[in-house]
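On a predicted model such as this, the values are computed, not experimentally measured, just so you know.
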Amino acid sequence: MDASKYRVGYFPVSDKYNKWVKKDHIEKPPVWCSVDMRDGNQSLVIPMSLEEKLEYYKVLLEVGFKEIEVGFPAASDTEYEFLRTLIDKKMIPADVTVQVLTQCREHIIRKTFEACKGAPKAIIHFYNSVSVAQREQVFKKTKDEIKEIAVEGAKLVKRLASEYEGDFRFEYSPESFTATEPEYALEVCNAVLDVLEPSESNNVIINLPVTVEMSLPHVYASQVEFMSEKLKYREYVTLSLHPHNDRGTGVAVAELGLLAGAQRVEGTLFGNGERTGNVDIITLAMNMYSHGVDPKLDLSNMPYLVEKYEKCTRMRVYERAPYAGALVFAAFSGSHQDAIAKSMKYREENGLERWNVPYIPIDPCDISRTYDSDVIRFNSQSGKGGIGYLLEQTYGYSLPKGMREHLSYLCKGISDKEHRELKANEVFNIFKANYFSQSDLSIVDMHFFRKGKIVETEIVFAKKGIETIVYAQGNGSLDAVSNALKAFTGVQYELLVYQEHSLEEQGSGSVAAAYIGIKDKNGNMSWGAGTDTDIIHASANALLSAFANMQ
């Protein structure tokens with residue numbers, strides 16, 4: 001690898017264009033324009049069919065995009081047919097504007113206007129490349145000649161807009177802006193604006209494409225601020241961004257560009273696009289949401305969006321993709337799980353509205369994710385906090401601390417041995433199998449009699465089909481049952497932990513759950529659980545379970 005063959009290919013502006021640095025957050029969402037149908041589609045190994053495009057277009061409408069670039073209608077029959085289908089079948093809502101892309105070439109521009117006949121509202125997005133490399137190596141033209149291409153394109157779209165029936169708006173992109181001298185890009189854009197004559201009734205979009213990411217994000221932000229301050233007709237110009245992700249900083253580029261004065265962003269759902277992709281609108285919008293800014297896009301059903309995206313594009317959303325990935329809320333680490341569980345309990349106990357949970361930047365429920373299957377996940381790296389939270393949230397069982405730890409080691413052992421994650425129902429089955437008595441000792445009947453502070457009991461034990469009546473007493477009902485068990489079995493132990501709570505089980509009404517921990521003569525702890533509609537019976541069942549585990 002020889003790094004010496006690379007050099008800085010971008011053109012920084014003066015450091016006086018850095019007022020954006022003093023801003024620490026985006027105050028309002030930009031105008032969003034989806035380019036899934038253009039940049040997103042042309043980057044697919046198998047571009048979407050007409051049917052798939054129509055299905056995906058409906059998803060974009062559901063999300064709430066008001067501007068959608070539907071394609072390059074002069075480029076292919078499929079792109080042309082898709083736009084005509086939208087227009088002829090009246091599938092464009094009154095508050096939605098379709099956008100079409102065209103090069104600054106006369107026959108392409110004319111065909112583009114033909115494709116737009118009858119559209120309620122359309123943005124004619126025309127462009128030409130202005131970068132040093134393109135000027136010198138591809139077109140072999142001077143700066144003035146390249147500028148003239150843009151000016152002639154502007155004249156033609158303006159003339160055709162007056163000849164064709166429709167509500168047209170204009171957008172110009174100096175393609176490869178990031179590899180262009182900012183002063184020259186400004187010169188070209190202002191020349192185009194002089195032709196288009198922006199006004200209160202004729203708002204024009206100037207789009208600054210990060211055709212290829214070439215610099216650190218802050219360099220682009222200062223370039224955007226430079227353009228924002230120097231463009232003519234600024235109050236009637238919408239400054240737009242079109243970031244790509246070649247350096248992996250497409251979202252940062254967009255965020256800093258918005259701080260620097262941009263008002264609009266072109267991107268794709270999940271960042272699909274050429275090379276490493278376009279800016280990911282899902283991430284960008286959800287970042288705003290996590291700062292308390294409504295992005296004005298409905299992303300509340302993220303699993304649905306992922307499903308539709310993967311179906312129509314044949315692409316896959318990476319498991320760790322921000323917000324949308326299957327594992328982005330998953331906590332496998334024991335310490336993370338413990339912190340999340342304690343924080344969630346704290347929120348509930350204190351009735352908190354603001355979200356401030358460790359390790360989880362937003363509430364998963366806001367985007368239709370669930371705590372049981374998306375947040376607390378169990379494998380060999382997990383701990384007692386996750387186990388406890390999972391059982392309590394999903395099944396209603398609130399285990400004592402020591403019992404949670406004991407169960408976590410059982411589950412980790414299985415996960416480690418089988419080298420896989422355990423699902424919530426598997427953890428629950430392990431819990432039931434290990435803490436609910438499976439022995440041949442049971443209680444057939446029991447009665448209690450209180451004499452002052454003493455409780456006497458008559459218990460009928462059954463073992464291998466043989467019933468035995470045992471009488472005992474204690475300082476409470478559970479103590480009396482425990483003493484009866486010791487008398488019947490002749491085994492001594494110390495009852496150290498007792499915990500109970502009501503448990504709502506589906507279809508059976510309210511029942512009690514009890515947990516007991518006992519210590520044998522060698523100091524070893526054994527745990528058991530029991531349930532019943534009667535708390536004394538639930539406690540007795542838990543004691544028998546713990547006793548069975550001690551044997």
What do you reckon, are the aromatic ring centroids of Tyr220 and Tyr10 less than 6.0 Å apart?
no
For the atom pair CG (Leu256) and CD1 (Ile26), what is the distance rounded to the nearest 0.5 Å?
8.0 Å
State whether Glu187 and Lys143 are salt-bridged, where the test is any N-O pair (Lys NZ or Arg NE/NH1/NH2 against Asp/Glu carboxylate O) under 4.0 Å.
no
Taking 4.0 angstrom as the limit, do Glu114 and Arg110 come out as a salt bridge?
no
So, the side chain of Ser415 versus the backbone of Arg420: is there a donor-acceptor pair under 3.5 Å, distance only?
yes
May I ask you to decide whether Arg169 forms a salt bridge with Glu171, counting only side-chain N to carboxylate O separations under 4.0 Å?
no
Can you tell whether the side chains of Lys342 and Glu349 come within less than 4.0 Å, N to carboxylate O?
no
Nearest non-hydrogen partners of Ser176 and Ser129, listed with the distance
OG-OG, 3.6 Å
Pi-cation contact, Tyr80 with Lys111 (under 6.0 Å, within 45°):
yes
Residues, nucleotides or ligands: over 12 heavy atoms within 6.0 Å of Lys296 NZ:
no
Under 3.5 Å, is there a donor-acceptor pair between the side chain of Tyr57 and the main chain of Met91?
yes
Please examine the side chains of Val328 and Arg369, heavy atoms only from C-beta on, and report whether any two atoms are closer than 4.5 Å.
yes
Could you measure the distance from the NZ atom of Lys155 to the CD1 atom of Ile109? Nearest 0.5 Å is fine.
13.0 Å
Which of Ile205, Val192, Asn202, Ile123 passes side-chain contact (heavy atoms from CB on, under 4.5 Å) with Phe170? Answer is Asn202
Does atom OH of Tyr289 have more than 12 heavy-atom neighbours, drawn from other residues, nucleotides or ligands, at distances under 6.0 Å?
no
Ring geometry between Tyr17 and Phe226 (parallel below 30°, tilted from 30 to 60°, perpendicular above 60°):
perpendicular
In Å, rounded to the nearest 0.5 Å, how long is the span from OG of Ser222 to NZ of Lys19?
9.5 Å
Answer yes or no: is there a donor N or O on one side and an acceptor on the other, between the side chain of Thr178 and the main chain of Val210, under 3.5 Å?
no
Lys121 side chain to Ala94 main-chain N or O, any donor-acceptor pair under 3.5 Å?
yes
For Leu297, run the side-chain contact (heavy atoms from CB on, under 4.5 Å) check against Val63, Leu284, Leu269 and tell me which one passes.
Val63
Can you check whether Val21's main-chain N or O pairs, donor with acceptor, with Asn18's side chain at less than 3.5 Å?
no
Aromatic rings Tyr359 and His336: how do their planes relate, parallel, tilted or perpendicular, breaks at 30° and 60°?
parallel
Arg314 bridged to Glu52 by N-O distance under 4.0 Å:
yes
When you compare the side chain of Leu258 with that of Met288, does any pair of heavy atoms fall below 4.5 Å?
yes
More than 12 foreign heavy atoms under 6.0 Å from CZ of Phe139: is that the case here?
yes
Might you work through the side-chain contact (heavy atoms from CB on, under 4.5 Å) test for Ser173 and His242, ending with a clear yes or no?
CA-CA 9 Å; Ser173 287; His242 183 108; 6.0 Å; no
Residue Asp77 excluded, over 12 heavy atoms near CG under 6.0 Å:
no
Return yes when atom CD of Glu165 has more than 12 non-hydrogen atoms of other residues, nucleotides or ligands closer than 6.0 Å, and no otherwise.
no
Side-chain contact test, heavy atoms from C-beta onward, threshold under 4.5 Å: evaluate it for Phe113 versus Val157 and give yes or no.
yes
Picking from Ile146, Leu186, Val130, what satisfies side-chain contact (heavy atoms from CB on, under 4.5 Å) with Pro174?
Val130
Is a side-chain N or O of Glu225 found less than 3.5 angstrom from the main chain of Ala260, in a donor-acceptor match?
no
Determine whether a donor-acceptor pair (N or O, by modelled atom type, separation under 3.5 Å) exists between the side chain of Asn245 and the backbone of Gly277.
no
Does Asn272 form a side-chain contact (heavy atoms from CB on, under 4.5 Å) with Asp36? I'd like the steps, not just the answer.
CA-CA 7 Å; Asn272 181 41; Asp36 290 82; 5.5 Å; no
Could you give me the CA-CA distance, side-chain angles and deciding distance for Tyr236 and Glu197, then say whether side-chain contact (heavy atoms from CB on, under 4.5 Å) is met?
CA-CA 9 Å; Tyr236 305 124; Glu197 299 179 300; over 6 Å; no
Rounded to the nearest 0.5 Å, how far does CG of Asp39 lie from CG of Leu44?
11.0 Å
Where is the tightest heavy-atom contact between Ala115 and Leu83, given as atom of each residue plus distance?
O-CD2, 3.4 Å
Could you pull out the closest heavy-atom pair between Pro29 and Pro295, with the gap in Å?
CB-O, 3.6 Å
Donor-acceptor pair, distance only, cut-off 3.5 Å: does the side chain of Glu319 make one with the backbone of Leu327?
no
Charged N-O contact under 4.0 Å between Lys58 and Glu55
no
Looking at Ile360 and Ile362, what are the two nearest heavy atoms and their distance?
CG2-O, 3.0 Å
Check: Thr268/Asn278 side-chain N/O donor and acceptor closer than 3.5 Å
no
Kindly write out the residues that satisfy side-chain hydrogen bond (donor to acceptor under 3.5 Å, both in side chains) with Thr97, not counting sequence neighbours, or none if the list is empty.
none
Is any side-chain heavy atom of Met48 closer than 4.5 Å to a side-chain heavy atom of Phe82?
no
Scanning both residues in full, the closest heavy-atom pair of Lys230 with Asn190 reads O-ND2, 3.6 Å
Closest approach of Val188 and Tyr172, non-hydrogen atoms and distance?
CG1-OH, 3.3 Å
Take Tyr56 and Lys311, measure what side-chain contact (heavy atoms from CB on, under 4.5 Å) needs, and give me the verdict at the end.
CA-CA 9 Å; Tyr56 200 90; Lys311 175 187 175 185; over 6 Å; no
To the nearest 0.5 angstrom, please state how far the CG atom of Asp366 sits from the OG atom of Ser290.
11.0 Å
Please determine if Lys308 and Glu62 form a salt bridge, counting it only when a charged side-chain N lies under 4.0 Å from a carboxylate O.
no
In this structure, are over 12 heavy atoms from other groups packed under 6.0 Å from Asn356 atom CG?
no
Test item: Arg38 side-chain N/O and Phe72 main-chain N/O as donor-acceptor pair under 3.5 Å:
no
Contacts of Phe270 that satisfy ring-ring contact (aromatic ring centres under 6.0 Å, His included) - sequence neighbours left out:
Tyr309
Closer than 4.0 angstrom, basic N to acidic O: yes or no for Lys345 and Glu392?
no
Any donor and acceptor pair, going by atom type alone, linking the side chain of Glu213 with main-chain N or O of Asp246 inside 3.5 Å?
yes
Spacing of Leu101 atom CG and Glu69 atom CD [to the nearest 0.5 Å]:
5.0 Å
Crowding at NE2, His25 (>12 non-hydrogen neighbours, <6.0 Å)
yes
